[in-house]
Amino acid sequence: MIETWDAKRFKYEISRKNSLVAVEFYGKRGGLELDYGKKLESVANGFSDKMVFGKVDTDIEEALAEKYAVRSIPTLMVFCCGRGVAEKVGDTDEKELSRVISGTVSRIEGCSGPKL
């Protein structure tokens, strides 16, 4: 099960050196959170050895949603050493989620550079 993170945990996870982190930003206003969450959970099982997965409730963590310009629910963002390296906005199927994540994993060989 993918854990829901508060702002402190989110900051810790995305800032870890040499770590890829996928974060689902969700909220009640989206209405798709359960279906999307199940799809992401299924995809995450295939990548758990390559990256960390978490989710942020934008209804609770409004400041994070604003900071990362989350305008649509759900939004998936992938971070590497605090930098956003991929984003998928809106609902999609498991195949597309897998493509976004595997494409990011294959092009990121290590995390370096400035943090957000």
Side-chain angles (χ1 to χ4, degrees):
M1 183 170 176
I2 298 174
E3 293 180 10
T4 299
W5 297 340
D6 62 11
K8 184 177 179 179
R9 174 80 184 273
F10 170 84
K11 184 176 180 180
Y12 167 78
E13 292 292 348
I14 70 162
S15 298
R16 293 182 345 173
K17 188 173 182 176
N18 297 323
S19 177
L20 275 173
V21 180
V23 180
E24 173 197 357
F25 288 87
Y26 74 98
K28 288 182 178 53
R29 67 177 183 244
L32 301 168
E33 67 271 6
L34 293 177
D35 186 44
Y36 186 86
K38 289 177 186 177
K39 290 183 267 189
L40 184 59
E41 190 85 40
S42 176
V43 171
N45 289 331
F47 293 93
S48 61
D49 61 329
K50 295 175 178 40
M51 62 192 328
V52 174
F53 289 83
K55 56 187 179 178
V56 171
D57 184 340
T58 59
D59 295 327
I60 296 171
E61 300 296 344
E62 293 176 11
L64 283 179
E66 186 175 323
K67 179 176 180 177
Y68 292 97
V70 175
R71 302 286 182 248
S72 183
I73 299 298
T75 293
L76 177 71
M77 291 186 180
V78 182
F79 296 87
C80 182
C81 295
R83 293 180 297 126
V85 295
E87 180 177 34
K88 176 66 181 151
V89 177
D91 191 25
T92 191
D93 58 27
E94 286 182 34
K95 185 176 180 180
E96 178 65 11
L97 284 172
S98 183
R99 187 194 66 73
V100 169
I101 292 168
S102 65
T104 304
V105 167
S106 67
R107 71 182 170 84
I108 303 290
E109 293 183 16
C111 298
S112 61
K115 291 183 171 55
L116 292 174

Trainee: For G27 versus T58, what's the shortest heavy-atom pair and its separation?
Mentor: CA-OG1, 3.9 Å

Trainee: Show, in sequence, the C-alpha distance, side-chain angles and deciding distance for M51 and V105, and conclude whether the side-chain contact (heavy atoms from CB on, under 4.5 Å) test is met.
Mentor: CA-CA 8 Å; M51 62 192 328; V105 167; 4.1 Å; yes

Trainee: Report the residues that fulfil salt bridge (Lys or Arg N to Asp or Glu O under 4.0 Å) with R99, sequence neighbours left out, ordered by chain and then residue number.
Mentor: E96

Trainee: Could you tell me whether a side-chain N or O of K55 sits under 3.5 Å from a main-chain N or O of Y26, the two making a donor and an acceptor?
Mentor: no

Trainee: To the nearest 0.5 Å, what is the distance between CZ (F53) and CD (E41)?
Mentor: 9.5 Å

Trainee: Is there a donor-acceptor pair under 3.5 Å between the side chain of T104 and the backbone N or O of V100?
Mentor: yes

Trainee: When rounded to the nearest 0.5 angstrom, what is the spacing between CG in L76 and CZ in F25?
Mentor: 9.5 Å

Trainee: Nearest 0.5 angstrom please: S102 OG to R107 CZ, how far?
Mentor: 11.0 Å

Trainee: Main chain of E94, side chain of S98: is a donor-acceptor contact present, judged purely on distance under 3.5 Å?
Mentor: no

Trainee: M77 and side chain to side chain contact (heavy atoms under 4.5 Å, CB included): which partner among V70, I14, V21?
Mentor: V70

Trainee: Take L40 and I101, measure what side-chain contact (heavy atoms from CB on, under 4.5 Å) needs, and give me the verdict at the end.
Mentor: CA-CA 10 Å; L40 184 59; I101 292 168; 4.1 Å; yes

Trainee: Pairs in or reaching into residues 2-12: which pass salt bridge (charged side-chain N to carboxylate O under 4.0 Å, His left out), with residues at least two apart or in two chains?
Mentor: E3-R9, R9-E13

Trainee: Write down the atom of L64, the atom of A7, and the distance for their closest heavy-atom approach.
Mentor: CD1-CA, 3.7 Å

Trainee: With rounding to the nearest 0.5 angstrom, report the OH to CG distance, Y36 to D93.
Mentor: 10.5 Å

Trainee: Hey, what's the ring geometry for F10 with Y68, parallel, tilted or perpendicular (30° and 60° as the breaks)?
Mentor: perpendicular

Trainee: What are the two closest non-hydrogen atoms of A44 and I2, and how far apart are they?
Mentor: CB-CD1, 4.1 Å

Trainee: Roughly how far, to the nearest 0.5 Å, is the CG atom of D91 from the CG atom of D35?
Mentor: 6.0 Å

Trainee: Distance from E66 atom CD to R71 atom CZ, nearest 0.5 Å?
Mentor: 7.0 Å

Trainee: Donor-acceptor pair, distance only, cut-off 3.5 Å: does the side chain of T4 make one with the backbone of V56?
Mentor: no

